[in-house]
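Counting begins at 1 with the first residue of the sequence. Here the structure is a predicted model, which is why all the values come from computation and not from measurement.
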Amino acid sequence: MEEQKQRGTFTNKLGFVLAAAGSAVGLGNLWRFPYLAAKYGGGIFLLVYLILAVTFGFALMITEIALGRKTHLSAVGAYKALDKRFGFLGSLACVVPFIITPYYCVIGGWVLKYLTVFVTNHVADAATDEFFGGYISQPMAPVIFFLIYVILGLVIVMLGVEGGIEKASRLMMPILVVMTVIIAVFGMSQPGAMDGVKYYLMPDFSRFSATTVLAALGQLFYSMSLAMGIMITYGSYMKKDAHLEKSVRQIELFDTGIAFMAGLMIIPAVFAFSGGSEEALGKGPSLMFVTLPKVFESMKFGTVIGAIFFLLVLFAALTSSISLTETLVSILCDKLKWGRKKACAIVLLFVIAVGVPVSLGFGPLSFVAPFGMSLLDFFDFISNSVMMPIVAFLTCIFVGYVIKPKAIIEEAEINGKFKVKKFYTIIIKYIAPVCLVAILAFSIMEVLGIITV
């Protein structure tokens with residue numbers, strides 16, 4: 001009980017919602033979501049994702065936040081506190097952010113570099129086909145920007161829950177929303193962009209397939225910070241007077257809204273400047289770092305618009321990496337009883353030790369290619385396509401059949417009625433486990449070349 005009393009908390013309900021939404025909103029929304037929407041049929045992918053977000057995603061998110069608030073512990077202790085037999089699941093969940101954080105910060109360093117390029121008016125250089133590949137293959141520059149990014153995020157985390165994370169999210173999230181709307185409106189006003197709007201908003205049911213559903217489910221994990229201990233950690237800081245169901249709905253609204261607007265920013269703009277070719281829409285990382293600089297160079301005031309855009313992306317990336325780093329710090333504090341400063345120092349050393357080789361994996365260490373993947377792609381596959389579905393599946397089994405859905409429902413109804421408790425029970429016990437097994441099988445078969453998409 002003493003540990004629970006001393007644990008930091010968010011000052012109010014809005015602080016929690018903004019911080020948790022800040023965790024969910026990140027590179028998954030602004031980079032990965034538009035790429036997947038483009039690849040898997042635009043409007044039909046968007047429709048499937050929205051349905052899954054308010055059903056599958058809602059059930060998993062409210063479960064994780066409730067587990068954290070119920071136990072006042074991060075993932076490393078929350079499962080064990082409710083059933084000692086499942087203590088291993090907390091440790092398994094904690095492995096995920098340790099894998100993700102270093103490579104996420106490498107991408108954050110890329111964003112910081114592109115912001116610098118636009119601020120210093122070198123847009124023409126960034127718009128060339130060779131710039132992105134040439135930059136990430138360098139031995140020093142990407143590492144330097146990676147280190148700056150890591151230190152920037154860690155300083156915020158060291159300030160603590162109320163002093164750092166909450167204040168940063170209160171500043172960043174409203175700015176993020178405003179900038180997203182402004183740039184989306186600007187992009188849609190360009191000649192030819194309305195073809196992209198139609199592609200993105202109008203579902204083409206002839207393009208619906210099982211891979212569309214599975215891709216949307218996979219994006220859900222990445223985008224909403226599920227199955228990696230983050231929402232359990234944030235839930236442990238949540239006060240009992242906050243309405244759990246309402247807070248989760250608000251977080252989902254922020255997350256899905258930003259992803260939706262990111263699609264409106266990127267897909268119509270690519271249509272306007274490339275004619276919407278499949279090659280242009282399917283470039284993945286290049287959609288942001290190669291295609292969009294070309295778009296900005298062609299725009300009036302493109303340097304300013306581009307700088308605003310990459311500042312937006314930096315904000316989004318920082319809020320997510322802050323939550324990842326905070327999760328690592330919380331794990332060390334809870335498990336090893338370390339002070340916050342010591343835990344932050346160890347996390348810093350770990351992220352640098354793993355992140356530097358990942359960054360060099362596109363240059364001097366490019367010969368290290370497990371399963372034919374770069375180090376960054378390999379860590380992304382292990383965390384998002386293997387570990388997270390396993391953690392989420394075991395969490396559903398834990399809640400559905402060990403502590404029972406009633407434990408989560410009771411936590412959700414502390415200060416208000418849980419309106420969809422019957423629906424929640426069906427999702428967590430039956431639908432989610434089946435979907436998660438499908439995701440895991442699909443991901444493994446795809447990387448082994450058994451199926452292609």
To the nearest 0.5 Å, what is the distance between [atom1] on [X] and [atom2] on [Y]?
X	Y	atom1	atom2	result
F309	M265	CZ	CE	5.0 Å
L226	L217	CG	CG	11.0 Å
N384	S223	CG	OG	11.0 Å
L220	E252	CG	CD	8.0 Å
S359	I352	OG	CD1	12.0 Å
I390	S385	CD1	OG	11.0 Å

Using a 4.5 Å cut-off on heavy atoms from C-beta on, say whether the side chain of [Y] contacts that of [X].
X	Y	answer
K429	Y401	yes
K294	D129	yes
T425	Y430	no
M228	L324	yes
L82	V402	no
I427	F58	no
F296	T303	no
Y200	I266	no

Among residues at least two apart in sequence or on other chains, which ones pass side chain to side chain contact (heavy atoms under 4.5 Å, CB included) with [X]?
X	value
A124	E297
P364	P139, L360
C396	L60, I428, A432, P433, L436
M202	K198

Show your working on side chain to side chain contact (heavy atoms under 4.5 Å, CB included) between M388 and I100 and close with a plain yes or no.
-> CA-CA 11 Å; M388 289 160 74; I100 291 177; 4.1 Å; yes

Locate the shortest heavy-atom distance separating [X] from [Y]; write the atom from each residue and the value.
X	Y	result
I232	A78	CG2-CB, 3.9 Å
L264	M188	CD2-SD, 3.8 Å
N29	Q219	N-NE2, 4.4 Å
I183	I305	CD1-O, 4.3 Å
M231	M224	CE-O, 3.7 Å
P268	V197	CG-CG2, 3.8 Å

Before giving the answer on side-chain hydrogen bond (donor to acceptor under 3.5 Å, both in side chains), spell out for T395 and Y79 the whole-Å C-alpha distance, their side-chain angles and the decisive distance to 0.1 Å.
-> CA-CA 9 Å; T395 298; Y79 293 98; 2.9 Å; yes

Identify, with sequence neighbours excluded, every residue that meets side-chain hydrogen bond (donor to acceptor under 3.5 Å, both in side chains) alongside Y114.
-> none

Among all residues two or more places apart in sequence or in another chain, which pass the side-chain hydrogen bond (donor to acceptor under 3.5 Å, both in side chains) test with T325?
->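 Counting only residues at least two positions away or on another chain, T325 forms no side-chain hydrogen bond (donor to acceptor under 3.5 Å, both in side chains).
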
Residue pair Y424, T63: steps toward the side-chain hydrogen bond (donor to acceptor under 3.5 Å, both in side chains) verdict | CA-CA 9 Å; Y424 167 79; T63 295; 2.5 Å; yes

Go through the steps to decide whether V143 and L147 satisfy the test side chain to side chain contact (heavy atoms under 4.5 Å, CB included), and finish with yes or no.
-> CA-CA 6 Å; V143 173; L147 293 174; 4.2 Å; yes

Short question: side chain of [X], backbone of [Y] - any donor-acceptor pair under 3.5 Å?
X	Y	answer
S366	G363	yes
T101	F98	no
Y35	M288	no
T233	G229	yes
T256	L253	no
E64	I230	no

Can you spot which of F132, Y149, F310 makes a ring pair (Phe, Tyr, Trp, His ring centres under 6.0 Å) with W110?
->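 The option that passes is F132.
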
Name the orientation class of the two ring planes belonging to F398 and F86 (parallel below 30°, tilted from 30 to 60°, perpendicular beyond 60°).
-> tilted

Are Y103 and F379 close enough that their ring centres sit under 6.0 Å apart?
-> no

Going through the checks in order, is the side chain to side chain contact (heavy atoms under 4.5 Å, CB included) test met by V48 and Y40?
-> CA-CA 11 Å; V48 170; Y40 291 101; over 6 Å; no

Verify side chain to side chain contact (heavy atoms under 4.5 Å, CB included) between V313 and L115, making sure each step is shown before the conclusion.
-> CA-CA 9 Å; V313 178; L115 174 61; over 6 Å; no

Picking from Y222, F45, F260, what satisfies side chain to side chain contact (heavy atoms under 4.5 Å, CB included) with F33?
->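 The residue from Y222, F45, F260 that satisfies side chain to side chain contact (heavy atoms under 4.5 Å, CB included) with F33 turns out to be F45.
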
